[in-house]
Number of protein chains: 2
Amino acid sequence: MERVNLSRTRDSESTKRNILAAAKMEFATKGLSGARVDDIANVAKVNKRMIYHYFESKENLFKQVIEKAYLDIREAELELNLEHLDAKSALETLVRFTWKYYLDNPEFIRLVNSENLHHARHLKTSKEVVQANRNYVGLVQSILDRGVQEGEFRDQIDPVNLNITIAAIGYYYLNNRFTGSIIFEKDLMDSEVLDKRLEFNIETILKLVSR
Amino acid sequence: MERVNLSRTRDSESTKRNILAAAKMEFATKGLSGARVDDIANVAKVNKRMIYHYFESKENLFKQVIEKAYLDIREAELELNLEHLDAKSALETLVRFTWKYYLDNPEFIRLVNSENLHHARHLKTSKEVVQANRNYVGLVQSILDRGVQEGEFRDQIDPVNLNITIAAIGYYYLNNRFTGSIIFEKDLMDSEVLDKRLEFNIETILKLVSR
DNA sequence: TATAAATGTAAACAATTGGTTACTTGATTT
DNA sequence: AAATCAAGTAACCAATTGTTTACATTTATA
């Protein structure tokens, strides 16, 4: 029988949550190599030993963080309930969502970069993430099918490439906002500039799929 | 009067070049924090002291590397001589070039990521890079103008956003090839898959600009 | 209530790492 | 040929860092 203790002075679940949250920020801002276990412990207000107690190693902690990051975004996408919209609206909603998610969760982009710098070795063994993504590709495929039926979209569009492009046009812009702002001599994070970029992206995707 | 010594046993220029080349690979594969000065020295076959002699610090060495990386790609773009082509061909050539450059120089992507992780603090003081990029945006703008004159392109297309999108659709795919290959359960680096992606990208850009 | 398991702390360790010191060797100039 | 400066080497250092050891306290349960 599970006991719930509402007034625990010791709370392993909250300790784990705190560690994960602190680790996410630390890894995102400094990368896997740049991240410091001591800093994670300090931010999480937890003794460093607890990190090793619950997560075994810095490497494994990173793995937990990146897995959770992927599951979180895939979960948020499912909550959009795109099945209830016509294909064009569904696609536009997805582009807007992806953009906003990256904008609101810059850590996600950083973590994915880190994981790729390390040849995705942490994600390689994650069945759960693969399955979540399989569902996601299926979702996009069904939007495409619906669009063809409605006479709005071209057929034979590759859902994986479409997916990648939807992510790419948001990800690249936000990932490289620092070098981009210098190079293009323009604040890429200015709110009007951001809004125009989103409209540009929606246009890009809709023109790509339409007949 | 400058003397040229063809048989120097001591060659500061070649030492500097070796350090820069080794540093570029080391920073690209491990990031700024992950890179080891000792490893750079070993690969460059140079005493570690020489790195500090010529480059002052690890940080400054990174700055030299990232600056050169940007100047190199902007230089390669200029050599395409896009002015001699009709607008549509020029744009397609640029998309193909960008893709191939990222494919052949994966270090470039990694370095740009690192620089953004560090808020572009090394590039901030680089007038030369900003100027090179100004020329590049001008080049794309002139292609767009030509396309409008030829009656092929829509007008009022923002050259910066177009630039960003051309880069994005190649960059994202290749940057995230490791996580992408796992997530999409498909080898994104398979040569047929790569070819299809390039065609997809050309289509994306041409549909975006055409009337 | 005794006991074992879970949760937590302080301190230290061994390895690593960016950077430096002290010195040697080779090339150029006068 | 002597003197001067650039180029190069080996050894070392102080600080950092991921990880561990040894120990203490709280909680759940037999």
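Chain A is the first sequence line, chain B the second, and so forth, proteins listed ahead of strands; every chain is numbered from 1.
Computed from coordinates, the His53(A) NE2 to dA22(D) P distance equals 17 Å when rounded to whole Å. Going from atom CD of Glu59(B) over to atom C1' of dT17(C) covers 15 Å, rounded to whole Å. Tyr52(A) places its OH atom 19 Å from the P atom of dA11(C), with the value rounded to the nearest Å. Lys48(B) has its NZ atom 10 Å from the P atom of dT20(C), to the nearest Å. Here dG18(C) presents its P atom at 15 Å from CZ of Arg49(B), a figure rounded to the nearest Å. Between the CG atom of Asp38(A) and the C1' atom of dA12(C) there is a distance of 13 Å, rounded to whole Å. Here dG18(D) presents its C1' atom at 13 Å from CD of Glu56(A), a figure rounded to the nearest Å. Protein atom CE of Met50(A) is 11 Å distant from nucleotide atom P of dA10(C), rounded to whole Å.
Taking the nucleotide of DNA chain D with the nearest heavy atom to each of Asn47(A) and Arg36(A), the more 5' of the two is matched to Arg36(A).
Between the CD1 atom of Ile169(B) and the CG atom of Asn201(B) there is a distance of 3.5 Å, given to the nearest 0.5 Å.
Residues Leu103(B) and Trp99(B) meet the side-chain proximity criterion, which asks for heavy atoms closer than 4.5 Å.
Considering only side-chain N and O atoms, Thr15(A) lies under 4.0 angstrom from the phosphate OP1 or OP2 of dG8(C). Residue Tyr54(A) places at least one side-chain N or O closer than 4.0 Å to OP1 or OP2 of dG8(C).
Here Glu59(B) pairs with Arg121(B) in a salt bridge; the nearest charged N to carboxylate O distance falls below 4.0 Å.
Cation-pi check for Arg197(A) over Tyr173(A) is not met; the charged atom does not lie both under 6.0 angstrom from the ring centroid and within 45 degrees of its normal.
Within 4.0 Å of Phe55(A), counting heavy atoms only, lies no atom of the nucleic acid at all. In this structure, Ala35(B) reaches the sugar-phosphate backbone alone: every heavy-atom distance under 4.0 Å involves primed, P, OP1 or OP2 atoms, never a base.
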